[in-house]
Amino acid sequence: MNAPHPLTARRPIRELPDELISQIAAGEVVERPASVVRELVDNALDAGAGEVTVRLLAGGVRAIVVEDDGCGIPPAELPLALKRHATSKIASLHELEDVLTMGFRGEALAAVCSIAEVSISTRTADAAHAVRLEARSGELVPAARAVGTSVEVRELFFNTPARRKFLKTDATELAHCIEAVRRHALARPDVSFAVWHEGRLVENWRAGDAEARVRDVLGQDFLDHSRPFDTAVGPLRISGRAGLPEHARARGDLQYTFVNGRHVRDKTIAHGVRAAYEDVLHGSRQPAYLLQVQIAPDRVDVNVHPAKSEVRLRDSREVHQAVRRAVESALAASRHADGVAPAAEPSIDGSPRPAPAWPAREAGELRYGALTPTQSALALQEAAVLFAQEAPASGWAAPRAAPGGAVETAAAPDADPRERLAAAYASAAREAQPQTSPAALPAARDGGELAWPLGRAIAQIAGVYVLAENAHGLVIVDMHAAHERIVYERLKSGLRDARMESQPLLIPAAFAASADEVATAEAHADSLAALGLEITALTPTRLAVRSRPAALQQ
Ligand code: ADP
Ligand code: MG
């Protein structure tokens, strides 16, 4: 999983010949503090660093310092390092085709110098002491530091106020900076990374094996709910971890793709992953995954995007297939290991069977857990009312007593809770839809399937699902999901009518949050307030819920 090692022997920095410049020039690469962080950490890794420290002030806007223990820059070459199109990494077009370093255009430091105050302190292994170069004045003075390089960038966009205005809050910029380092850290578990903000250590990932790095950066949860894969097809190697379908997410925020150690967004690879999840993932759900592609450098063109965040794969079909197979193999292995949940088998006459004894593991993994009989009764009553109101769009027919007596309108108080539940459901549905008497129902159905797409309820399975029948066959409804839908609809209509009632908490509920989460809560405070939620940052790593929607009181 480790990226190929960049520099074996350091070469001098040279200005690129004009014809090569015209081939690679990308122009501006600095959009926000995180772009600077990415470029400086790229440089540290290219210099062979084993330890990279990033120090930030005000989300990186006031200062970004990146320190490494890499090879350093000889004093004589230092001024050249800041010049546009001067690089030690490639010297010819031929070398561009084989590039394994993160940088190769010689543009980053020059671009950063044009929009910020920059100074570099550096020392090579054979130097008696370090030197420091002030970019603006060009002043070169002796300095003190161990072998390696520190690049200090202050007052980003100081001379372009219009650009500075586009920056978000410090918290948001900090989150982007951390995300930039996170990507490097995932690609290079053999390197230690630390991020400081305003003098406080916010991330610290020690060098170790790939699994430990994934745990540190993406969390134990991702590790527990993903399966590893590592396959080689000829010179192509695909490795990483595929998130289990049950733990797919609403957002594609946990999807990391690296090609030769470089974080990229690549449609071919993303599509290959998606194809592997095709049969096991619901349409809009996003799998979590971490995918490393190692490929011969001449089979990938890295010079296609200004920020180098896209690449062009020369054998995109092969890569697509290999990615798909690798991820499929991980998912298939996990299905074998976990087995399949026992199927609940409804009896022929439709009467509720005793709930199957779910093996403990499956019971724990049931997405909604078990509902109490009262909860499910409530859910179904609400579902009936909702569906009745919303019919025919999402209609569910009021149930009637099935020939086998599965759904009785009045069950004895001491009857099985599930029977009572079914009865409660039936009567609630009737109340909600008085014109639909059981007798009238066949007519309604004759009137068209559209009227009652969910059909009529027949039985209950495992105390969790309702089995219904319509003209196409059997329908299984998850009662807890139905209940969630009710609550959701209620919240939605509350929001629509702008009467989302909020209830302050006596004691705010505080919890640990990532920089990204704190930034999101800050940025969307108004939207959250409209939803009845007041969430504020207690500290840069803790959020507090101060009020919540009254509808979610329970
Ligand atoms: P590129 O990385 O594309 O070569 P940069 O502008 O980022 O262009 O850097 C210019 C040159 O400065 C690099 O080629 C490298 O020789 C030198 N350099 C920059 N940062 C470092 C560092 N942290 N350690 C050693 N050398 C560095
Ligand atoms: Mg660079």
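The basis for the numbers below is simple: all heavy atoms, side chains too, and nothing from hydrogens, waters or symmetry mates. The structure displayed is predicted, hence computed values, not measured ones.
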Worksheet item: Phe229 and Leu291: side-chain contact (heavy atoms from CB on, under 4.5 Å), yes or no, with the steps?
Response: CA-CA 9 Å; Phe229 53 86; Leu291 195 139; 4.0 Å; yes
Discussion item. Within the 4.5 Å heavy-atom criterion, are Val151 and Asn43 side-chain neighbours or not?
Written reply: no
Fill in: Separation between CG of Leu156 and CD of Glu173, rounded to the nearest 0.5 Å
9.0 Å
Fill in: Aromatic ring pairing His247/His225, orientation class (parallel under 30°, perpendicular over 60°, tilted between)
parallel
Fill in: From CG (Leu331) to OH (Tyr289), nearest 0.5 Å
12.5 Å
Discussion item. Using 30° and 60° as the class boundaries, would you call the ring planes of His184 and Phe193 parallel, tilted or perpendicular?
Written reply: parallel
Worksheet entry | Heavy-atom pair with the smallest gap, counting every atom of Val191 and Glu51 | CG1-N, 4.0 Å
Item to complete: Would you sort out whether Glu198 and Leu57 count as a side-chain contact (heavy atoms from CB on, under 4.5 Å), showing the intermediate values?
Response: CA-CA 5 Å; Glu198 302 284 347; Leu57 292 180; 3.7 Å; yes
Worksheet entry | Heavy-atom closest pair, residues Ala180 and Val37 | CB-CG1, 4.3 Å
Worksheet entry | Side chains of Arg237 and Asp230 in contact at under 4.5 Å (non-hydrogen atoms) | yes
Practice prompt. Would you mind checking if Arg285 and Glu246 are paired as a salt bridge, meaning a charged N to carboxylate O distance below 4.0 Å?
Written response: no
Worksheet item: What is the distance from atom CG of Asp46 to atom CZ of Phe104, rounded to the nearest 0.5 Å?
Response: 10.5 Å
Practice prompt. Please indicate whether Gln503 has more than 12 foreign heavy atoms, meaning atoms of other residues, nucleotides or ligands, lying under 6.0 Å from its CD.
Written response: yes
Practice prompt. Using a cut-off of 6.0 Å, state whether more than 12 heavy atoms not belonging to Arg317 lie near its atom CZ.
Written response: no
Worksheet, complete the sentence: CG (Leu223) and CG (Leu218) are apart, to the nearest 0.5 Å, by 9.0 Å
Pairs under 3.5 angstrom only: tabulate donor-acceptor contacts from the side chains of residues 516-534 to other protein residues two or more places apart or in another chain.
| from | atom 1 | to | atom 2 | distance (Å) |
| --- | --- | --- | --- | --- |
| Glu517 | OE1 | Ser514 | N | 2.8 |
| Glu517 | OE1 | Ser514 | OG | 3.3 |
| Thr520 | OG1 | Asp516 | O | 2.7 |

Worksheet item: Could Glu328 and Arg325 be called an ion pair, given the rule that one side-chain N must be under 4.0 Å from one carboxylate O?
Response: no
Worksheet item: Closest approach of Ala307 and Arg38, non-hydrogen atoms and distance?
Response: CB-NH2, 3.5 Å
Worksheet item: Quick one: are Glu39 and Val112 in side-chain contact, heavy atoms under 4.5 Å?
Response: no
Item to complete: Test side-chain contact (heavy atoms from CB on, under 4.5 Å) on Arg183 and Arg262 and set out the steps.
Response: CA-CA 8 Å; Arg183 291 169 181 173; Arg262 188 189 302 278; over 6 Å; no
Worksheet item: Less than 4.5 Å apart, any side-chain heavy atom of Pro287 and any of Gln255?
Response: yes
Worksheet item: When you check the side-chain N and O atoms of Gln220 and Arg215, is any donor under 3.5 Å from an acceptor?
Response: yes
Practice prompt. Starting at CG of Leu167, measure out to CD of Glu31 and round the result to the nearest 0.5 Å.
Written response: 9.5 Å
Worksheet entry | Verdict with reasoning, Arg55 to Glu67, per side-chain contact (heavy atoms from CB on, under 4.5 Å) | CA-CA 8 Å; Arg55 299 179 196 276; Glu67 303 164 357; 3.0 Å; yes
Item to complete: Identify the two heavy atoms, one from Asp216 and one from Trp205, that lie closest to each other, and give their separation to 0.1 Å.
Response: O-NE1, 3.4 Å
Worksheet, complete the sentence: For Leu56 and Leu174 the tightest heavy-atom approach is CD1-CD1, 3.6 Å
Worksheet, complete the sentence: Closest heavy-atom pair, Ile178 versus Ala515, reported as atoms and distance to 0.1 Å, is CD1-CB, 3.6 Å
Fill in: Reported CZ-to-OH distance for the pair Arg324 and Tyr277, which is rounded to 0.5 angstrom
13.0 Å
Item to complete: Verify the neighbour count for atom CZ of Arg312: are there more than 12 heavy atoms of other residues, nucleotides or ligands below 6.0 Å?
Response: no
Worksheet entry | Leu491 side chain near Pro549 side chain, heavy-atom distance below 4.5 Å | yes
